[in-house]
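Single-structure report; data block below.
In the text below, chain A, chain B and the rest are named by the order of the sequence lines, each starting its count at 1. We use all heavy atoms of the structure for the numbers below, so side chains are in, but hydrogens, waters and symmetry mates are not.
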4 protein chains.
Amino acid sequence: MRIGVLTSGGDCPGLNAVIRSVVHRAVADHGDEVIGFRDGWKGLLECDYLKLDLDAVGGILARGGTILGSSRVQPSHLRDGVERAKGHVAELGLDAIIPIGGEGTLKAARLMSDAGLPIVGVPKTIDNDIAVTDVTFGFDTAVGVATEALDRLKTTAESHQRVLVVEVMGRHTGWIALHSGMAAGAHAIVVPERPFDIEELARRVGERFEAGKRFAIVVAAEGAKPAPGSMAFDEGGKDIYGHERFAGIARQLSIELEQRLGKEARPVILGHVQRGGTPTAYDRVLATRFGWHAVEAVHRGEFGHMTALRGTDIVMVPLAEAVETLKTVPEERYAEAECVL
Amino acid sequence: MRIGVLTSGGDCPGLNAVIRSVVHRAVADHGDEVIGFRDGWKGLLECDYLKLDLDAVGGILARGGTILGSSRVQPSHLRDGVERAKGHVAELGLDAIIPIGGEGTLKAARLMSDAGLPIVGVPKTIDNDIAVTDVTFGFDTAVGVATEALDRLKTTAESHQRVLVVEVMGRHTGWIALHSGMAAGAHAIVVPERPFDIEELARRVGERFEAGKRFAIVVAAEGAKPAPGSMAFDEGGKDIYGHERFAGIARQLSIELEQRLGKEARPVILGHVQRGGTPTAYDRVLATRFGWHAVEAVHRGEFGHMTALRGTDIVMVPLAEAVETLKTVPEERYAEAECVL
Amino acid sequence: MRIGVLTSGGDCPGLNAVIRSVVHRAVADHGDEVIGFRDGWKGLLECDYLKLDLDAVGGILARGGTILGSSRVQPSHLRDGVERAKGHVAELGLDAIIPIGGEGTLKAARLMSDAGLPIVGVPKTIDNDIAVTDVTFGFDTAVGVATEALDRLKTTAESHQRVLVVEVMGRHTGWIALHSGMAAGAHAIVVPERPFDIEELARRVGERFEAGKRFAIVVAAEGAKPAPGSMAFDEGGKDIYGHERFAGIARQLSIELEQRLGKEARPVILGHVQRGGTPTAYDRVLATRFGWHAVEAVHRGEFGHMTALRGTDIVMVPLAEAVETLKTVPEERYAEAECVL
Amino acid sequence: MRIGVLTSGGDCPGLNAVIRSVVHRAVADHGDEVIGFRDGWKGLLECDYLKLDLDAVGGILARGGTILGSSRVQPSHLRDGVERAKGHVAELGLDAIIPIGGEGTLKAARLMSDAGLPIVGVPKTIDNDIAVTDVTFGFDTAVGVATEALDRLKTTAESHQRVLVVEVMGRHTGWIALHSGMAAGAHAIVVPERPFDIEELARRVGERFEAGKRFAIVVAAEGAKPAPGSMAFDEGGKDIYGHERFAGIARQLSIELEQRLGKEARPVILGHVQRGGTPTAYDRVLATRFGWHAVEAVHRGEFGHMTALRGTDIVMVPLAEAVETLKTVPEERYAEAECVL
């Protein structure tokens, strides 16, 4: 068989592990040919690709990033390109395409699949917000990086007798905030799923200081929002250059908490460091399994599906299901963390 | 309520996280009292304990080891002690005991439970071989440590043009070998579940060198066994001091491979480093959830059960089920790793 | 003898290692008594202290922060307090005080020493900018944390085809920027010692893209300044809330580079994570040696001095010398890094 | 100019960083040509080399191992090859050779230099035992890996109430043992420089247990030797297969201590993991500086020298000096560690 693979969307630790796994399984075990499209869907639309043999994937298992490059693509652009894509698939004699990507990519994958292309998707997001899989690779690495940072920040917060408000990734869901906050023993966690009350947050942090503690760590998912009207800055905001991306919940919260509590509060924005670099062992294993099972699905002709983790098993789920809803943090998980507002 | 907690068996990253979580949930949320028995069952039998309040568990979440100490206890000794234990439980006015431990501990927990003590167990093993839970805490840390070591060893093996045979933990099951081997891209993995053929192993490693590669990494679970008669040293063996613990599969394999292939082969035994130290974020979250749910089970009166992970949920399973069978690596996982013999 | 020890100023990995070393050497070897003042000079002025025996320093070697707490103190406040301090020293029967701190602390130490107090200082700063010692502990950890972040950011920058401008600590000197930038292979480094030309920076980064590279990493010390007039934002700036601390060189540079190059550029501010948490082995050894030699100096009566590293030796240098000049990055080091502007 | 570079001897983190630095400085700044000989001196003798341009060294700065390969070579073999080497140097039009290696390599370099070849050496050893430089790259990484392992082992030793005897690298000198032991707070350290008395060691460890501590960590350099006659096993020994490499000081010590103290004692041999993998930031900076200065020395015609660190400066020292004596741990360093026997 002839299989094309591509990676699309933001960086995510484990992408290379999937690519390597696809090539190992397909080339070494099935005798297939594999090509990789450059820079995501763009490579498919522009027929820009390279051959992926065993040597091409040597030494990439533990490396962050993607040897294929990535890009974000507009859905409308993609829609217009379906015919072109089909042409290239025919031209190249491809029996299957394995796109590896997040929500946008999987929607695109469904579009392509509905248009008749033989697609087997592999979900990817550090945010862990894809509904039909227990976990996505990249998430464990992101949580690990955030937790290690929180571990370090605790001693500094304590030495300086401060509140630190640490912003972690998670625009729509609080998974990284929840897990890293639990792992590091944060004193409060705010998440996008549940608008928080700033009074309540200040009260909780304040009680800690009243009880004689000398510091507090608040973990804020970047998409966390105050309950309407509860906070002066709840409109979001732009920085001095008018760039929205420089404002953020951690800065707003640290100002609010400092004013309300009379304690020094500082924001720390972990940023891109959460999404790059060497994947954890967990993510490498999951990514490798996804790649392997994607190739098996291709050989079974199980198109229009994507790989998913359920318990300890890798299963195939229809792409249609995958993109229907976002996997948000369920209510019952808040109580376990003891400190989600 | 009044709850006693104890940790038993070998060291395992996450023990302190469970203890902390039990105390946080019970004391802070339910207003319970918690005491900790020292050195496992021994503390219960000898009524040796300390009070666990919130301060007592401050700062231990990320710390390896167990603040309660641990010990291994003979089942027979424990059987004789059941009445004594019951006496102490009555004396101390305990409503529940939460033992945290591995297979042996859970068997002891069942014994105590059958004898009428109010027990809620928390499973613990870096080996991941407890059947009724998807994963146990400690496993992810062990795999992480082994994988990081394998990552380092690869460059050395390559520079020195050698075979390295790396022995990882796993007396009865190959989970650590499988996951760390997959994560690090090992070239062969041998596990206890499937006796291996030394000829076949030598052939595979040899083919790698013939194909121009300059090194090979073999991961061996400590309990891996050659197929009967396939290897000169398959009887195991003792070292010069007559201590069985100094022999081992990695040494035997490196000698066999060196002789058969004419390539330098060296054993590396990772040993205890896999079971100590700071737990990964994954293990801290899992341990915290186990502790939280154990307290909830106590409050529901759901005794004779233990916590378990199923998919993304924590559930309670009867202790009787937990210790019936060992969770071995299923056949279908070998293929995914591409290199299990 | 009776020795008082205190930690002052910002958090710095290795503080606990010094405290432990002082106690081990003084108590275990010399039979001295050691007390620790709480929260830096404040503890001395308010006679707030605790006894430090061997148990008090158990398990702290690898822990970030300081078990004694820290605070920043105004020099004027300290000047007024000299007599009070002398009174407390007499009252407590102290033979020596060992303050561990940065530039401000060492200046205070000199003041106290000039006033007749028996002082032996230990220099501390992650910034590495104290002139009379080759290195200060904390610096290696800060560089390590920054380098690990840069390693991760590289794959993300590459996948996203972006410029990342990474702000590291260093208000007055570029040591952390230089070392982490060299260690991670940054493509440009800007430091406070040498005002940079924004045109030149944009040209260099631009050339990289023209040569077909897909990303660039710029490391900026927080105190780096553009040459006068070279940049729209060279006045620094405040954020929407009027807080100066939220503006910063990384944000300014990313805006300038994005506008000049037409490539996406993003700021990453590593922040406090560089100054907390477990110290590296290097810093633990250096801190331990400083503590040991400080006690020896006390026993030799070598007051008014501080410990310093010269080559592989620990020597004592007069406090007067220590605070005279800042140790800036010398010109000849720029060339080695290949990319300092 | 035309420069040849080679790496020789055992693996050492930072080798690739030197190669990269040589190429960057020589090619990008001086417009030189650089070639790399494969597998150390063997590549020179057999004229086996590859061109090293900027692309060839892309992405290798943080990677362990050496892209050039390495080998150990017999001095006699090398002596016979001098004329051949000279022939190849002439043939290839080389203006200089930069060998990167340890004691053996530097001796070979001196031989070649004495024979008239234009040599600038770069010292390399994780053991840190080269006399004329304060530090060699690779050492910091080795110490870091050993320290991290010791950190982990402490919690296990404590949970299991054991003595752990941890064998670290250092056949002739105790630098790694000293630094990792100090960094991790080991309770006893034995080094090759000072034959130890087993009675004394047992007494010290025993006193710890008598004082109520529940564990002890002994760090043993692999070359540590008991004082003559003090230990049953002081002859060294072979394992059941007659391989000397499987015996070792850690095993001998754990048996002796277990018998003398009646406490469980276990050996842990860290092994090759200390010499591979990603170098620390410290080692990357040092390696980069060595490479840069080696190229400068070539351009100044300063042959017969090697790079060395003195304080914070890189200086050139004659190869003749470099190999005269081993840098052993000086007596005064033992006292600082508090626990060297």
Side-chain angles (χ1 to χ4, degrees), chain B residues 7 9-13 15-16 39 63-66 68-72 141 145 148-162 164 166 214-215 232-233 237-243 245-248 251-252 254-255 258 266-278, chain D residues 7 9-13 15-16 39 63-66 68-72 141 145 148-162 164 166 214-215 232-233 237-243 245-248 251-252 254-255 258 266-278:
Chain B
T7 53
D11 194 18
C12 181
L15 287 171
N16 280 327
D39 298 334
R63 226 179 286 164
T66 159
L68 295 178
S70 179
S71 67
R72 294 181 195 271
T141 304
V145 169
E148 205 187 306
L150 288 166
D151 284 351
R152 288 198 175 276
L153 291 168
K154 277 181 112 162
T155 76
T156 296
E158 187 166 16
S159 297
H160 294 197
Q161 304 179 36
R162 275 181 186 163
L164 287 182
V166 187
R214 300 161 64 105
F215 75 106
F233 303 104
K238 299 185 174 24
D239 78 343
I240 42 164
Y241 316 116
H243 285 67
R245 67 175 182 261
F246 297 153
R251 284 190 206 101
Q252 295 171 7
S254 59
I255 293 167
E258 190 163 310
R266 291 283 181 280
V268 178
I269 294 110
L270 295 185
H272 291 79
V273 79
Q274 294 163 84
R275 67 179 326 128
T278 297
Chain D
T7 54
D11 194 17
C12 181
L15 287 171
N16 280 328
D39 299 333
R63 225 179 289 165
T66 159
L68 294 178
S70 180
S71 67
R72 294 180 196 272
T141 303
V145 169
E148 205 188 306
L150 287 166
D151 284 351
R152 289 197 174 274
L153 291 169
K154 277 182 113 163
T155 76
T156 296
E158 189 166 14
S159 299
H160 295 198
Q161 303 179 39
R162 275 180 186 166
L164 287 183
V166 186
R214 301 159 64 103
F215 75 106
F233 303 105
K238 300 186 175 22
D239 77 345
I240 41 164
Y241 318 116
H243 285 67
R245 66 174 183 263
F246 297 153
R251 283 190 206 101
Q252 296 171 8
S254 59
I255 293 168
E258 188 162 311
R266 291 284 182 279
V268 178
I269 294 109
L270 294 185
H272 291 80
V273 77
Q274 294 162 84
R275 67 181 324 130
T278 298

Under 4.5 Å to a heavy atom of chain D? For B:Arg214 that would be side chain
Honestly, the part of B:Gln274 sitting under 4.5 Å from a heavy atom of chain D is neither
Here the pair of heavy atoms bringing B:Gly65 nearest to D:Ser159 is CA-OG, 3.4 Å
Okay, B:Val268 and chain D: the region with an atom under 4.5 Å from a heavy atom over there is side chain
When the 4.5 angstrom heavy-atom criterion is applied to B:Ser71 and chain D, the contacting part is neither
Side chain to side chain contact (heavy atoms under 4.5 Å, CB included) with B:His272: of D:Val166, D:Thr155, D:Leu153, only one passes, and it is D:Leu153
task = Could you tell me whether a side-chain N or O of B:Arg152 sits under 3.5 Å from a main-chain N or O of D:Arg275, the two making a donor and an acceptor?
result = no
Checked D:Ala157, D:Gly10, D:Gly69 vs chain B; the most non-hydrogen pairs under 4.5 Å come from D:Gly10
Margin query: I'd like to know if D:Arg162 and B:Asp11 make a salt bridge, using a cut-off of under 4.0 Å between side-chain N and carboxylate O.
Written below: no
Heaviest contributor of heavy-atom pairs below 4.5 Å to chain B, chosen from D:Thr7, D:Thr278, D:Leu150, is D:Thr278
